[in-house]
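Note that the structure is a prediction, hence the values are computed from the model and not measured. Nothing fancy with the numbering, it's 1 onward along the sequence.
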Amino acid sequence: MMKTRRLQIKKLYLSDAILYLYIFSIILTQSTMYGVLYNFQQQGIDSFTFRVISFVVGVMCVITLSFLKGIKLSKNNVSKIFILLLYLLIYGVINIVRIKAYLEGLFIPFFIACIIIGFYENKYIFERFFSIYCRIVVFLAFISLVFYIFGTILHIIPGISMMYTNNGWWYDGTNYYYLSFINNWQTITIGGVTIVRNIGIFMEAPGYATILLYAFWWELFGKDKINKKNITILLVTIFTTFSAKAYIVSVIIIIMYLYSGQITLDKQWKKIRIVLLPILALFVVFISLQIIYTRNISVNDGNSSFTIRMSDYLAAFRAWKDYPLFGCGFYNLDKLYTYYPLIRKSGTSTAGILNILAYGGIYMAIFYIVSFIRYLKWNILYNKNKYRILSFVVLMLLLLITGNEQYSYVMLFFIAFGYMLNTKTQGLD
């Protein structure tokens, strides 16, 4: 009996260790500064390198799990993976000209995620994934705060000069022992004062915000007991990104938390929050408009952030209108540029959810929609907390709407999760 218990513990530690590596590897694919540094690129290390690392770690994870006794893919999961394989192969054949980009941008990472998730039981992997994810992100947030406060603001910690590339041009920047970075493009002017934004190890504040928001959501919705230290670290880090998306989405997460069943409320507060809801809603709208106005007058090469984002949405919609069924091609930026009202030859589209339609048409929109539907169906069976899964779907949609997240490895992992959920299992807890 004791030997069996020890084997189970060893299996748990081994599977968790490999899951740590896998989760960290997909975080590193989220446009980090490591992929654009001059001295790294001189050694042959770029953004694609971190995707390859994620592939390798993912395969290692699959092999490790397949050799652990008692862990295997069910017939139901094998069937689901096969059906998804056929569905995505059809889109791959249509995009045969862009097959290399499709394989590394969606196909391979999605199926690695499906297999890894399939090895675990539904009621455990969700909690296990996010508990590991949060530990990693809180650690990254703490490190970035230390260097942002004592390096960027107080100049106590000396920075190291560096060069990085952005849209084909080289720029000067600063890093703190390669654990935190200052990207000179990531600044914001408020009241005539230029503020450097905290980007951590990422290229942009909105990209860093996405990683932080998932962790912040889990700290509120995923745990039975609030960890005030982790929430403080995440909230302060979110504030220092000076990202409109970070501010708006974090407020929405807090509102969802206050109006969910997560906390025990007395009768008086229940009455107060009914009156408070429209006030909070108006507050979110007011803050959103103020941020949009501020970003609209913050000029970058003659175009405001708001103007660029609106152009992205317009271009994506025009592309989808001309190619409604299968889109203009997987991540076909050259084609998408032709739909912009102004000449554009670099940069990715921030149109978010409309990018799915622009690049993949209705066919690939269905691929994402079905995953969300399965989450909602699973939510009905998820007895532990009805608001947890529902709020998570809202968060994913918000991040898809507000950024270029449709092909991020983190988002693909969550889409894979939706498909691998066992919606026939009753009474999950």
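A side-chain donor-acceptor contact under 3.5 Å links Asn230 and Glu219. No donor-acceptor contact under 3.5 angstrom links the side chains of Tyr337 and Asn332, judged on distance only. No side-chain donor-acceptor contact under 3.5 Å links Asn198 and Thr241. For the residue pair Gln186 / Asn184, no side-chain donor-acceptor distance below 3.5 Å is found, with atom types taken as modelled. Judged by distance alone, the side chains of Thr49 and Asp46 do bring a donor and an acceptor atom under 3.5 Å apart.
For Arg374, there are no salt bridge (charged side-chain N to carboxylate O under 4.0 Å, His left out) partners at least two apart in sequence or on another chain. Among residues two or more places apart in sequence or in another chain, the salt bridge (charged side-chain N to carboxylate O under 4.0 Å, His left out) test is passed with Glu405 by none. Partners of Phe142 by ring pair (Phe, Tyr, Trp, His ring centres under 6.0 Å), not counting sequence neighbours: none found.
Shown here for Leu73 and Gly118, the closest heavy-atom pair between the two residues is CD2-C, 3.5 Å.
Here the side chains of Thr174 and Ile160 are not in contact, with every heavy-atom distance at 4.5 Å or above. Using a 4.5 Å heavy-atom threshold, the side chains of Tyr208 and Thr237 count as touching. Between Trp185 and Glu204 there is no side-chain heavy-atom pair separated by less than 4.5 Å. With contacts defined as side-chain heavy-atom distances shorter than 4.5 Å, the pair Phe111/Leu88 qualifies.
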Just list the side-chain donor-acceptor pairs under 3.5 Å for residues 22-29, sequence neighbours left out, or say none.
| from | atom 1 | to | atom 2 | distance (Å) |
| --- | --- | --- | --- | --- |
| Ser25 | OG | Tyr22 | O | 2.6 |
| Ser25 | OG | Ser54 | OG | 3.4 |
| Thr29 | OG1 | Ile26 | O | 2.6 |

Side-chain atoms of residues 130-140: list all donor-acceptor pairs with protein atoms under 3.5 Å, sequence neighbours left out, distances to 0.1 Å.
| from | atom 1 | to | atom 2 | distance (Å) |
| --- | --- | --- | --- | --- |
| Ser131 | OG | Glu127 | O | 3.1 |
| Ser131 | OG | Arg128 | O | 2.9 |
| Tyr133 | OH | Ile211 | O | 2.8 |
| Arg135 | NH1 | Tyr20 | OH | 2.9 |

Side chains of residues 358-367: which donor-acceptor pairs under 3.5 Å do they make with residues two or more places apart or in other chains?
| from | atom 1 | to | atom 2 | distance (Å) |
| --- | --- | --- | --- | --- |
| Tyr363 | OH | Tyr87 | O | 2.7 |

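No option in Asp172, Asn183, Asn175 other than Asn183 meets the side chain to side chain donor-acceptor pair (under 3.5 Å) test with Tyr164.
A side-chain donor-acceptor contact under 3.5 Å links Tyr247 to the backbone of Phe239.
Aromatic ring pairs are classed by plane angle as parallel below 30°, tilted from 30° to 60° and perpendicular above 60°; the pair Phe55 and Tyr409 is parallel.
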